[in-house]
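See structure below.
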Amino acid sequence: MVPLSILDLSPVPEGGDAGQALRNSIDLARHAEALGYRRFWMAEHHNMPGIASAATAVALAHVACATSTIRIGAGGIMLPNHAPLLIAEQFGTLAALHPGRIDLGLGRAPGSDQIAARAMRRNLDGDSSQFPRDVVELMSYFEPAQPGQSLRAVPGAGEQVEIWILGSSTYGAQLAAVLGLPYAFASHFAPEMMMDAIRVYRDGFRPSERLTEPCVMLGVNVFAADTDQEARRLFTSLQQAFLNLRRGRPGKLPPPVDQFEVDRYGQAMLDNALSCSVVGGPETVREGLQGFIGRTGADALMVTAQIWDHAARRRSFSILAEVACLGGPVPAATRCTAPT
């Protein structure tokens, strides 16, 4: 089994609120650290009632303070929404407080709908086409400051922040390859171009000071329970939430249902978007993950689970840790340059 990490969207369940969702994230991070997961990432999303991690750096600061060895990071920061210097300062601050533990995944989507994207725009001319330039600028702020340098990130300059490129197409794969950075693909909700992106990244990879060999991490939904039937029931929360989002009705995470019924169009959409999902009891999960790794050649997996009940979510990650034979906490200095 390859290294496993967790992507937490800090889900806000129906009947709950954002404060409890964020406290659940802290609890899950502690749980993940004890079980031996490699990384704990949170994602930037806006104008979504069911996701509480919009102020990602703030949420990560609380998670980092509540843990001690697991790597903490953004999966990701949507860079078109921000000035690179501000992100360098935010994550430079995290790195100064928690050295050797901070990851920064960068994406070029807005992480929101068009209304929120317009409300967050940095300027009237800003767009995602500036993403490569913004990434390079951001990386420069983490270089050691030079004598006479007029602009620097404080904190940030000289800090060890591990940068990843995120993507759901071959665009990010090309950029990560050219810059010699690790690459994380959003196959947990947009799997269509997964294999093409992996090929483009590996074929075009150029070694860099940050990374000597290509490193691909793939997103996968894992819903584990004591039985296949119970896992499929838990999975209905994500299915309902995804359909609501695609139909323009985003809301809080719905509770699971015993019988999930959807029309043919909706089922086809779910089958496509959520095809990189492993749902079942321990043996089903083991076989499903081994098959996924075998098909894709992933160097690492980023696992996510939008489970309505927090106790069931904790249990799901515990089962996965047992299946994967995780051996407890890993050293904080573990990096993607050594993905074994």
Side-chain angles (χ1 to χ4, degrees), residues 1-2 4-9 11 41 43 45 50-51 75-76 105 107 109 111 166-173 183-202 216-225 228-247 250 253-254 256-257 259-308 313 316-317 319-320 323-324:
M1 191 70 69
V2 299
L4 300 181
S5 300
I6 293 177
L7 172 63
D8 175 38
L9 300 183
W41 283 6
H45 291 282
I51 298 176
L166 312 184
S168 58
S169 70
T170 57
Y171 182 99
Y183 179 57
F185 189 85
S187 37
H188 58 294
F189 73 91
E192 293 90 346
M193 301 186 71
M194 176 179 66
M195 298 307 297
D196 287 339
I198 293 171
R199 175 185 52 78
V200 166
Y201 173 67
R202 292 196 182 280
V216 176
M217 182 158 58
L218 301 179
V220 58
N221 302 292
V222 176
F223 284 66
D228 287 1
Q229 180 180 3
E230 176 58 19
R232 288 193 294 268
R233 179 178 177 275
L234 296 176
F235 190 54
T236 63
S237 291
L238 176 60
Q239 291 173 311
Q240 294 175 78
F242 200 87
L243 280 178
N244 290 340
L245 178 63
R246 286 293 178 92
R247 291 170 174 173
L253 185 65
V257 295
Q259 297 293 329
F260 178 65
E261 297 181 357
V262 62
D263 59 38
R264 190 184 334 180
Y265 173 77
Q267 189 61 58
M269 182 169 57
L270 290 175
D271 290 343
N272 177 53
L274 303 181
S275 62
C276 293
S277 300
V278 178
V279 181
E283 190 57 35
T284 300
V285 168
R286 178 184 292 106
E287 293 176 357
L289 284 181
Q290 288 175 343
F292 182 74
I293 294 166
R295 291 192 303 273
T296 62
D299 299 305
L301 297 182
M302 180 61 70
V303 179
T304 187
Q306 295 287 83
I307 296 177
W308 180 78
R313 187 162 64 135
S316 179
F317 284 112
I319 292 172
L320 177 55
V323 165

Inset, instruction - Would you sort out whether F260 and L270 count as a side-chain contact (heavy atoms from CB on, under 4.5 Å), showing the intermediate values? - result: CA-CA 12 Å; F260 178 65; L270 290 175; 3.8 Å; yes
Inset, instruction - Please step through side-chain contact (heavy atoms from CB on, under 4.5 Å) for the pair R233 and V257, ending with a clear verdict. - result: CA-CA 6 Å; R233 179 178 177 275; V257 295; over 6 Å; no
Legend entry - side-chain contact (heavy atoms from CB on, under 4.5 Å) between V279 and L234, intermediate numbers included: CA-CA 9 Å; V279 181; L234 296 176; over 6 Å; no
Legend entry - Stepwise side-chain contact (heavy atoms from CB on, under 4.5 Å) test for V216 and R202: CA-CA 8 Å; V216 176; R202 292 196 182 280; 3.8 Å; yes
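Shown here is R247, whose CZ atom has more than 12 heavy atoms of other residues, nucleotides or ligands within 6.0 Å. Heavy atoms of other residues, nucleotides or ligands lying less than 6.0 angstrom from CD of Q267 number more than 12. The environment of E261 atom CD is sparse: at most 12 non-hydrogen atoms of other residues, nucleotides or ligands sit within 6.0 angstrom.
The backbone N or O of N221 lies less than 3.5 Å from no partner atom in the side chain of T304, so there is not a single donor-acceptor pair. At distances below 3.5 Å, not a single donor-acceptor pair connects side-chain atoms of D299 with backbone N or O atoms of M217.
Residue L301 is tested with I6, L320, I293, V222 for a side-chain contact (heavy atoms from CB on, under 4.5 Å); the sole match is I293.
Counting heavy atoms from C-beta on, the side chains of V220 and M302 never come closer than 4.5 Å. Residues M194 and C276 are in side-chain contact: their nearest non-hydrogen atoms beyond the backbone lie under 4.5 Å apart. A 4.5 Å side-chain heavy-atom check between S277 and F223 finds every atom pair outside the cut-off. A 4.5 Å side-chain heavy-atom check between L166 and F185 finds every atom pair outside the cut-off. Looking at heavy atoms from C-beta onward, M195 lies in side-chain contact with T296 at the 4.5 angstrom threshold.
Closest non-hydrogen pair, L253 versus I307, comes out as CD2-C, 3.6 Å. Of all non-hydrogen atoms in S168 and A190, the two that sit nearest each other are CB-CB, 3.9 Å. Nearest heavy atoms, F317 versus V303: CE2-CG1, 3.8 Å. Residues T284 and V278 share a closest heavy-atom pair of O-CG1, 4.1 Å. Here the closest non-hydrogen pair linking A224 and V285 is CB-CG2, 3.9 Å. Taking both residues in full, the closest heavy atoms of V2 and A298 are given as CG1-O, 3.4 Å, listed atom of the first, atom of the second, then distance.
Taking the charged nitrogens against the carboxylate oxygens, R313 and D8 do have a contact shorter than 4.0 Å, which makes a salt bridge.
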Throw together a table of side-chain donor-acceptor distances under 3.5 angstrom for residues 237-244, partners on residues two or more places apart or in other chains.
from	atom 1	to	atom 2	distance (Å)
S237	OG	P254	O	2.7
Q240	NE2	T236	O	3.1
Q240	NE2	P255	O	3.0
N244	ND2	Q240	O	3.3

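Here the OH-CD1 distance, from Y201 to I198, works out to 11.0 Å after rounding to the nearest 0.5 Å.
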